[in-house]
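All remarks here apply to the structure that follows.
Atoms considered below: every heavy atom in the structure, side chains included; atoms not considered: hydrogens, waters and symmetry mates.
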Amino acid sequence: MTKHIFVTGGVVSSLGKGLTCASIGMLLESRGLRVRMQKLDPYLNILPGILSPFQHGEVYVLDDGSETDLDLGHYERFTSDRLTRNSSWTTGLLYQEMGEKERAGEYNGVTIQVIPHVTSIIKEKVANLDRDDVDVVITEIGGTVGDMESLPHMEAIRQFANDVGKQNCLFIHLTLIPYLKAARELKTKPTQHSVGRLLSIGIQPDIIVCRTEQPIPAEERAKIALFCNVPKECVVEEPDADFSIYEVPMTLHANKMDEIVVSRLGLSNAGEPNLTAWRDMLDRMHHPEREVTIAVVGRYADHKDAYKSVYEALDHAGTVNRAQVRVRRIDSENVVRQETRQILENVDGIIVPGGFGERTVSGTVEAIQIAREKGIPFFGVALGIQSAMIEYGRNVLGLNDADSTEYDRTCENPIFRLLQDDKDPEDGVRRGSRKVSLAAGSKAEKIYGCRQIEERHRHRYEFDFEYQKKFEEGGAVLSGLAESGKHLEVMELPNHPWFVAVAYHPEFKSQPTKPHPLFADFVAAAVEHRG
């Protein structure tokens, strides 16, 4: 029978439940177990794809086109689980589904209430991940214990444990142990109160994971165990990862987290952990042989989580190249400033990630011109291919008003227009994993090592092939096309040290032990540029 782990958070928000869940999943996989991951978010939004990056960070896109919370990126980077629509549910989505069921008559006219109807649909979403080929389902409950909006989720997982048997469920509670510098003391009282809130709901945590800046003395761990009714060995310390988030699994392993989980859930098919590849990756990360500086130019550059997967992919690429990647985050609106241009002229690589809006593109076009003219390695992602081709059209091909209809509907040379997708998406967005054909002998083909690839997409505007001949005669190589041949996927400049722009999001498929080939080659080019 599939076992279930539920991870809740207490004391404060942003403790890193997603990283903790991903780390536990990675450790269980290292023991040969098959893991599925899921997040239940209490907020009422129905469309995570339109949440502000300044509030919720990047929108992470799955193979099936689902737009989700960035924590699902952690799940996929740390484990081999390829997530689906069933891996991410907001309360808004649940209520929407319940409304559809009501209109279809499935509730037979009864009064719909939080209990049993909302809790039942939450339990249904958890149970949907049960499969014969899944040993453990890890479900993260968003929010913080005590939040009003989280109560239905807490009640649902309490009921779920009773439904399937408590021996098949494990409750992990992540809390903060604050350190008061004035008193030079760690304080356990917030954790005690947080667990008390859980107990009042009817949930007894099996394991308490304590985020802390300082090592927790044995007597403090004993106090937590005593007042929170857990064995002392189930009070697990999780110190801040000063160097890299990829240290978290090894810290939890050192504190016997995976051993405790395997024992408490009776996972008799678990083997000894094989962490060789992860340790090798960390060793490379801790002992770089060189350093490069990459400028990330975008509208949301000042907010680190907005381009989370891009930054992580750069770190992965740095590891495989034994290079420390130093990121300079450049707000695209500031490129006009002379001091910003000087910074761009002296970096080892420039990357333009995804984004929307006229304020974004004007600065990225100028940054790309610097990269092209100065021979600085350039990598364009999603918006990056629009900006790259607009810049080339204006400054090389003489199309002075080359633009996208996203930014100027009246321009005479709209080289990018609203897409006409084969699948005719209702909202005009091309999402999810799509097949791409690469031109023989192209730089892209050499980087990937093959002609046929699959990558994740999320964009509305497409290159107008009426301009194809002009670009190719002007020296650009349109080296990647969608399987249908109707969508441009990759553009490159062969007479440049490294200039590649893609319509898709390769950062979503990069992992610390398996860096994406485009990012790996881009960083290698930055290393060569630095000399």
Side-chain angles (χ1 to χ4, degrees), residues 3-10 14-39 60 69-83 87 135-142 170-177 205-213 216 233-265 267 270-283 285-286 305 308-309 311-312 315-316 319 510-514:
K3 306 289 187 177
H4 288 266
I5 297 174
F6 297 101
V7 180
T8 58
S14 302
L15 278 179
K17 289 195 304 296
L19 277 173
T20 300
C21 289
S23 298
I24 293 170
M26 175 265 175
L27 291 172
L28 295 181
E29 279 197 345
S30 78
R31 289 174 170 266
L33 297 169
R34 298 159 300 181
V35 175
R36 295 303 304 272
M37 309 286 293
Q38 180 184 54
K39 185 173 185 184
Y60 188 79
D69 181 85
L70 62 81
D71 276 327
L72 276 76
H74 294 315
Y75 302 166
E76 288 201 331
R77 282 188 284 272
F78 279 64
T79 74
S80 62
D81 189 18
R82 298 281 71 86
L83 307 177
S87 301
D135 296 307
V136 182
V137 173
I138 302 175
T139 301
E140 176 188 352
I141 307 298
L170 195 69
F171 291 103
I172 298 178
H173 191 50
L174 180 66
T175 73
L176 175 69
I177 307 294
D206 299 288
I207 301 172
I208 298 174
V209 179
C210 301
R211 284 293 309 275
T212 176
E213 296 178 358
I216 303 175
E233 63 271 16
C234 291
V235 178
V236 177
E237 183 179 305
E238 187 181 309
D240 293 347
D242 295 328
F243 185 78
S244 167
I245 60 173
Y246 301 112
E247 294 175 316
V248 175
M250 303 310 296
T251 299
L252 292 177
H253 175 67
N255 286 302
K256 301 185 177 180
M257 170 62 88
D258 48 317
E259 183 179 320
I260 295 168
V261 170
V262 166
S263 174
R264 297 296 292 261
L265 285 177
L267 294 164
E272 291 298 312
N274 181 358
L275 300 169
T276 303
W278 202 268
R279 286 195 174 102
D280 179 64
M281 176 270 295
L282 285 175
D283 180 69
M285 192 173 287
H286 279 280
D305 281 348
K308 182 68 174 175
S309 292
Y311 298 135
E312 295 306 317
D315 280 344
H316 307 163
T319 300
S510 186
Q511 294 179 295
T513 56
K514 297 177 182 177

* Asked: How would you list, by chain and number, every residue that makes a side-chain hydrogen bond (donor to acceptor under 3.5 Å, both in side chains) with Thr20, sequence neighbours excluded?
  -> Glu238
* Residues two or more places apart in sequence or in another chain: which of them pass salt bridge (Lys or Arg N to Asp or Glu O under 4.0 Å) with Glu312? -> Lys308
* Partner residues of Tyr311 under the ring pair (Phe, Tyr, Trp, His ring centres under 6.0 Å) criterion, sequence neighbours left out -> none
* What pairs with Arg36 under salt bridge (Lys or Arg N to Asp or Glu O under 4.0 Å), at least two apart in sequence or on another chain? -> Asp81
* **Residues in side chain to side chain contact (heavy atoms under 4.5 Å, CB included) contact with Asn274, at least two apart in sequence or another chain** => Thr276
* To do: Would you please name every residue forming a ring pair (Phe, Tyr, Trp, His ring centres under 6.0 Å) with Tyr60, sequence neighbours left out?
  => Phe508
* Does His316 have any ring pair (Phe, Tyr, Trp, His ring centres under 6.0 Å) partners at least two apart in sequence or in another chain, and if so, which? -> Tyr246
* Any residue meeting side chain to side chain contact (heavy atoms under 4.5 Å, CB included) with Ser23, in chain and number order, not counting sequence neighbours -> Phe78, Val248, Pro249, Leu252
* Just jot down the salt bridge (Lys or Arg N to Asp or Glu O under 4.0 Å) partners of Asp71, sequence neighbours excluded, or say none. => Lys39
* To do: Using a 4.5 Å cut-off on heavy atoms from C-beta on, say whether the side chain of Val209 contacts that of Leu15.
  => no
* Asked: For Arg82, what residues pass the salt bridge (Lys or Arg N to Asp or Glu O under 4.0 Å) criterion, not counting sequence neighbours?
  -> Glu76
* To do: Please name all residues satisfying side chain to side chain contact (heavy atoms under 4.5 Å, CB included) with Thr251, sequence neighbours left out, ordered by chain then number.
  => Pro239, Asn255
* Sequence neighbours left out, what passes side chain to side chain contact (heavy atoms under 4.5 Å, CB included) with Asp240? Give chain and number order. => Arg211, Glu213, Asp242
* To do: Check whether any side-chain heavy atom of Ile5 sits under 4.5 Å from a side-chain heavy atom of Leu28, and report yes or no.
  => yes
* To do: Over all heavy atoms of both residues, which pair between Cys21 and Glu140 is shortest? Give the atoms and the distance, please.
  => SG-CB, 3.6 Å
